[in-house]
*Asks:* 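Okay, here's the structure, questions in a sec.
Below, chain A is the first sequence line, B the second, and so on; all start at residue 1. Keep in mind the model is a prediction, meaning the values are calculated, not measured.
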Number of protein chains: 2
Amino acid sequence: MLDMILLGYLADGPRSGYDLKLLLETDSAHFWHAHHSQIYTTLRRLERRGLIRSRKQAARGLQERRVYTLAAAGRDALETWRDLPLLAAAPPKDTALARIFFAGSQPARDLLPELRRLRSARRDRLTELKRRPSIPAPSDPDDLRPLTRAYARAVEALTIRWLDELIARLESTGARLESTGARRGQTKTKPRPTATRPKRAGQGRS
Amino acid sequence: MLDMILLGYLADGPRSGYDLKLLLETDSAHFWHAHHSQIYTTLRRLERRGLIRSRKQAARGLQERRVYTLAAAGRDALETWRDLPLLAAAPPKDTALARIFFAGSQPARDLLPELRRLRSARRDRLTELKRRPSIPAPSDPDDLRPLTRAYARAVEALTIRWLDELIARLESTGARLESTGARRGQTKTKPRPTATRPKRAGQGRS
DNA sequence: TCGGACATGTAAGATGTTACATGATTCG
DNA sequence: CGAATCATGTAACATCTTACATGTCCGA
């Protein structure tokens, strides 16, 4: 897949490895991620296979960079990929959800502060998605790229709402766990835990 | 991560590799995926490292199976994982979205049928998520597992809605490409000549 | 002159995919 | 009897992560 993403961007015009790294971090962060090490090695591999070509470019006042262009074989590969069935869609892998899924039980487990941090990170992601305009591409006449960003924004908003509900729920059912640790078993819901605004969770035991 | 998911399920009780494979395919398909080959090799690795133990179990009338149980070291590893910060959340990787992102431009590109197939697959996924009740786990007193499924359902619903809009949009702006070409196109600033339309685009009705 | 952005790489190891392989039991 | 489901594996390969490594240029 990374191959195709790199070829996809190179179809817009010549790009350096660094350019592509920045594009992945910004323009397409909502559907893919790669470390720079992987980007550079993948570019070299694509070049060895003749899908792209590179030349060194020493711009005045700038460090030397290696600029890649799409070769004919690369354009063909991209075409082939685009003709592939769109199905067999990405099996989702969400480590944060996995953590929540298996967070259960622990008596004094401090899941809540973690969830709040997660929510805040997701809010940042949403702001970032809203702030940065899509980079317009001539090869995207139907505005598919901005539309995928709109989708990503909607997913972020949904995620934040879900986290809100989850946090509210845990606050009401588990507030006492944060004050008195070390108790396990049937902890039934106390009628009045605290106000809707809980104090910050400190570690009571030493 | 797969390590932790397997340990997480083994914390509920003894399970065979096959059990875990089924759990991944059903119970946790909404946040993770693994092939059986990876599951079996990972279990062997976890056993070599002393995190889990296994014994062969030849049930009458059934093929022999190898049943794993969580060892003390495994329980510790799970605890450590649960204490890790929840952040640095899964960098999203969505191949379908990548395909749509880079689908642009091609004059007679048949994206629409593919999108319809994708939507239908997502609808199946949603039905599946609704149909199958969450497997109740004693180690999940706060119902976090069903709640992550509820989240996954909401994401599916959102995805389907987005695909609906996208399809509608492409139908209206690109209808003339599929029909006889008589319709005037509006909206886009793209002066598209209706010239280079190939007759058939792949669906082999003879 | 120091830190941050620019810019590019290598290497080891972990993780994940695809293909190959085997064999039992159950149901129609 | 054949297909589906149960059940477990190996091997080759591709992909991805983490750490190490090296420099330049620009502004404060």
Side-chain angles (χ1 to χ4, degrees), chain A residues 1-7 14-26 28-29 31-49 51-52 54-68 77 81 84 88-95 98, chain B residues 1-7 14-26 28-29 31-49 51-52 54-68 77 81 84 88-95 98:
Chain A
M1 266 301 302
L2 181 58
D3 299 34
M4 293 309 155
I5 291 169
L6 297 178
L7 294 177
R15 299 279 186 272
S16 73
Y18 194 74
D19 289 339
L20 293 164
K21 170 187 171 279
L22 292 184
L23 283 168
L24 275 159
E25 282 169 6
T26 56
S28 51
F31 67 86
W32 209 258
H33 166 267
H35 294 277
H36 78 271
S37 58
Q38 199 192 351
I39 294 170
Y40 286 115
T41 51
T42 302
L43 286 170
R44 286 307 181 105
R45 175 162 50 77
L46 290 173
E47 190 177 19
R48 273 203 311 279
R49 294 185 187 171
L51 303 191
I52 59 181
S54 82
R55 62 201 137 87
K56 280 196 179 150
Q57 194 181 68
R60 62 278 152 213
L62 279 174
Q63 193 181 327
E64 190 178 63
R65 22 186 269 148
R66 182 178 295 273
V67 174
Y68 291 90
W81 178 61
L84 247 45
K93 295 199 170 182
D94 189 324
T95 52
Chain B
M1 265 301 303
L2 181 59
D3 299 33
M4 293 309 155
I5 290 169
L6 297 178
L7 294 177
R15 300 278 186 272
S16 73
Y18 194 73
D19 290 338
L20 293 164
K21 169 186 171 282
L22 292 184
L23 284 168
L24 275 159
E25 281 168 6
T26 55
S28 51
F31 67 85
W32 209 260
H33 166 268
H35 295 275
H36 77 271
S37 58
Q38 199 191 354
I39 293 170
Y40 286 114
T41 51
T42 302
L43 285 170
R44 286 309 182 105
R45 176 163 48 76
L46 289 173
E47 190 178 19
R48 273 203 311 281
R49 295 187 186 170
L51 302 190
I52 60 181
S54 83
R55 61 203 138 86
K56 279 195 179 151
Q57 193 179 69
R60 63 270 152 219
L62 279 174
Q63 194 180 326
E64 191 178 63
R65 20 186 272 147
R66 182 178 294 273
V67 174
Y68 291 89
W81 178 61
L84 247 44
K93 294 200 171 183
D94 190 323
T95 52

*Asks:* Taking all heavy atoms of A:G17 and all of A:I39, pick out the closest pair and write down the distance.
*Replies:* O-CG2, 4.1 Å
*Asks:* Is there a side-chain polar atom (N or O) of A:R45 under 4.0 Å from OP1 or OP2 of D:dT15?
*Replies:* yes
*Asks:* A:K93 near the nucleic acid: base, sugar-phosphate alone, or nothing, with a heavy-atom cut-off under 4.0 Å?
*Replies:* sugar-phosphate
*Asks:* Rounded to the Å, how far apart are A:Q38 CD and C:dT10 P?
*Replies:* 14 Å
*Asks:* Taking the side chain of B:S37 as heavy atoms from C-beta outward, which of D:dT10, C:dT15, D:dT8 is closest to it?
*Replies:* D:dT10
*Asks:* Specify the separation, in whole Å, of atom CD1 of A:I39 and atom P of C:dC6.
*Replies:* 14 Å
*Asks:* Nearest to the A:Y18 side chain among D:dC16, D:dT5, C:dA5, which nucleotide is it?
*Replies:* C:dA5
*Asks:* Could you check B:L22 against B:T41 and say which one's nearest nucleotide on DNA chain D is further toward the 5' end?
*Replies:* B:L22
*Asks:* Between the base of C:dT18 and the side chain of B:H35, is there a donor-acceptor distance below 3.5 Å?
*Replies:* no
*Asks:* What is the distance, rounded to the nearest whole Å, between atom CD of A:E64 and atom P of C:dC6?
*Replies:* 18 Å
*Asks:* Would you name the heavy atoms of A:A77 and A:L7 that are closest together and state the gap between them?
*Replies:* CB-CD1, 4.2 Å
*Asks:* Roughly, in whole Å, what's the span from CH2 in A:W32 to C1' in D:dC16?
*Replies:* 10 Å
*Asks:* Would you mind reading off the distance between A:R65 atom CZ and D:dT22 atom C1', rounded to a whole angstrom?
*Replies:* 19 Å
*Asks:* Provide, to the nearest angstrom, the distance between the NZ atom belonging to A:K21 and the P atom belonging to D:dC16.
*Replies:* 18 Å
*Asks:* Could you please name the option among C:dG9, C:dT17, D:dT8 that lies closest to any side-chain atom of B:H33?
*Replies:* C:dT17
*Asks:* Provide the closest heavy-atom pair for B:Y40 versus B:Y18 in the form atom of the first, atom of the second, distance.
*Replies:* OH-N, 3.6 Å
*Asks:* Would you say A:R44 places a side-chain N or O within less than 4.0 Å of OP1 or OP2 belonging to C:dT8?
*Replies:* no
*Asks:* To the nearest angstrom, how far is A:L43 atom CG from C:dA7 atom P?
*Replies:* 15 Å
*Asks:* Would you check, one step at a time, whether the test side chain to side chain contact (heavy atoms under 4.5 Å, CB included) holds for A:R66 with A:R44?
*Replies:* CA-CA 11 Å; A:R66 182 178 295 273; A:R44 286 307 181 105; 3.1 Å; yes
*Asks:* So does B:R66 get a side-chain nitrogen or oxygen closer than 4.0 Å to the phosphate oxygens (OP1/OP2) of D:dT8?
*Replies:* no
*Asks:* Just by distance, do the side chain of B:S16 and the backbone of B:D19 share a donor-acceptor pair under 3.5 Å?
*Replies:* yes
*Asks:* The side chain of B:Y40 lies closest to which of these nucleotides: C:dT17, C:dA5, D:dA7?
*Replies:* D:dA7
*Asks:* Measure from the side chain of A:H36, starting at C-beta and using heavy atoms only, and say which of C:dA7, D:dA21, C:dG16 lies closest.
*Replies:* D:dA21
*Asks:* Would you mind reading off the distance between B:E25 atom CD and D:dT5 atom C1', rounded to a whole angstrom?
*Replies:* 12 Å
